Structure formats: structure tokens, C-alpha cells
Amino acid sequence: MANQVRREVTLNIPIHPNMELVAAHTASIIAEIMDFEETHIDEIQLAIIETCINAFEHSNSRDSKVTVTYVLTDDELQLKITDHGTGFGMEKTELLSGEARAQAMQKRGWGLEIIREMMDEVDIKSSDEGTIITMLKKRDN
Amino acid sequence: MASSFNVNTRTEDGYAVIQTDGYLNGPTAEKLAETAKDLMSQGYNTFVINLERTRLVNSIGISILIEIIELLDEHGGALHFCHLTPVIERTFKMMGLTQHAEIHPDEETATTNL
């Protein structure tokens, strides 16, 4: 089997209103280059927006920035979003099922659920050193 | 820094059409909510929100749309959406908007179903 070509783009964005769009637009350009379908590009953009605004609002980042790494291979796009904040407990994210929250029209706290819905794989590592969210989108879905 | 966002409104007999143009997040959805409240003060309580020129709506923007729906519910009004991208429609369904607001493919279909 031939080795896959791996390309990487890294972006450091300051925690500032609308900076999530910089990360989303960069993802959109990369996904277009990779020939992702339009709907999948929207999914990737929304997932990255939700990840960034979660970090902006809740991380209490010590360096006031978020690092986004885009890893491109032949058939998938991996996104790694890192902040150096105080982390969060996963138990907070699983209090109610999505269906129960939708029924109650709960307004906030949807970020992680949306991210999981939009991407093929999501891995979250959070500690008092910060949070790393790694997401994967396969091109042939 | 602000991203470009515009709201245009058109009033008809018994309803108003609100067209958005740009990214719908917290601040821009607040702008949309202010527009809706202004129209309500003029006596309109049935709205069609046309999202043809909006490709991205984040969860904070959607939470403000829910507040508009709740406000209209209190006043016996109704909210309809049209021209949603598949991802926006899916997110609306996830967050429960479609229990209290109708989704239509286009403005003509929306306005004939009011």
C-alpha cells in the first residue's frame, strides 16, 4: 500500500469575537481543495465554529488563544483544536439526552452535541492544563 | 471586528418577511430579534425568516431564535423559516426549533402556508 501524503496547516487565533470565522473559513478552503461536498464543508465549518466558541467562552485560556491544526490526508481531514485553559468535566456534557433537551427547547449547552453530529469521529481530552478536541471527517461519506 | 450582516424586512397584509444576509451568531441574532420586536410593536406577529443568504448559524444564534419563537408564542404569533441549508435544518431539528416553527423550502411556499 502506498504511503498517504499528509499535509498540515496550523492556525493560532486570538480569543476575540468572530475569530471563529477565521478558523471556519480556513477549514472551508482546505475542504474545498480536498473536494469535500458542499454539505460536508458546512458540517466541518459548524463543528469548528462550535469548538472555537466553546473554547472562547469556557476555557479561561491562560494565553487567550486557540490553536487549530488541520491535517489533510488523501481521504480525510483531521482538525485538532487546542486551548490552554482550565478544562471542563465531561459529566457536564451528558446531563440530559439531546432529545430531552430539544423537547424542552433548552437554549444553551448544545456545542458538543452539534460537534458530534457534524463530524465522523470526535475525541475530547480535557484537564486543568487545557483541552484538546480532535475531530475527523472522512471524504467519502 | 464585526462580520458583515444585514437584515431586510418587507411587510405584507398580516405578516412580515425578514431576510438575513450573513453569519448568524449571538450579536447578529440579537439584531434580528430587535427587528422582530420592532415589527411586533407595529402589530405584526407572523414572520417568515428567509435564510437564503445565510450559510452559517451557530448554537448561540439558534438560542436567540428560540427566544423569538417563545416571544411570538406568548403573543399568539408564529414563525416560519425558508431556504435553510441541510446543515442549518438539521441543527434546528436537533435543538427543537421545529416543534414550534415551520420550515418551508422557499418564500412562496412559506407565505402560502401562513
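Scope of the values below: all heavy atoms of this structure, side chains included, with no hydrogens, waters or symmetry mates. Naming: A, B, ... by sequence-line order, numbering from 1 per chain. Keep in mind that this is a model prediction, so the values were computed, not measured.
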State the OG1-CE distance between B:Thr91 and A:Met118, to the nearest 0.5 angstrom. 4.0 Å
Rounded distance (nearest 0.5 Å) linking atom CD1 of B:Ile88 with atom CG of A:Leu46: 8.5 Å
Take atom CD of A:Glu57 as the centre, draw a 6.0 Å sphere, and report whether it contains more than 12 heavy atoms from other residues, nucleotides or ligands. yes
If you draw a 6.0 Å radius around CD in B:Gln42, do more than 12 non-hydrogen atoms from other residues or ligands fall strictly inside? yes
Shared hydrophobic cluster for B:Leu79 and B:Val17 (ILVMFWY, side-chain gaps under 4.5 Å): no
Whether over 12 other heavy atoms sit under 6.0 Å from A:Arg7 CZ: no
For B:Ser59, does its backbone N or O pair with a side-chain atom of A:Glu50 as donor and acceptor, under 3.5 Å? yes
Give the intermediate values and the outcome of side-chain contact (heavy atoms from CB on, under 4.5 Å) for residues A:Gln45 and B:Tyr23. CA-CA 12 Å; A:Gln45 287 201 93; B:Tyr23 175 42; over 6 Å; no
Name the member of B:Ile60, B:Thr98, B:Ile64, B:Val57 that forms the most heavy-atom pairs with chain A at distances under 4.5 Å. B:Ile60
Output yes when a side-chain donor or acceptor of B:Arg90 lies under 3.5 Å from a complementary backbone atom of A:Glu117, and no otherwise. yes
Supply the atom-to-atom distance A:Ile114 CD1 to B:Met94 CE, rounded to the nearest 0.5 angstrom. 5.5 Å
Joint cluster assignment, A:Ile132 & A:Ile81, ILVMFWY side-chain distance < 4.5 Å: no
Determine whether A:Leu21 and B:Leu56 satisfy the following criterion, side-chain contact (heavy atoms from CB on, under 4.5 Å), listing intermediate values before the conclusion. CA-CA 10 Å; A:Leu21 284 178; B:Leu56 292 168; 4.2 Å; yes
Between A:Ile133 and A:Met19, is there shared hydrophobic-cluster membership here, with clusters defined by ILVMFWY side-chain heavy atoms closer than 4.5 Å? yes
Between CD1 on residue A:Ile49 and CG on residue B:Asn25, distance to nearest 0.5 Å: 8.5 Å
Where is the tightest heavy-atom contact between B:Val87 and A:Thr39, given as atom of each residue plus distance? CG2-O, 3.6 Å
B:Lys31, NZ atom: more than 12 neighbouring heavy atoms under 6.0 Å: yes
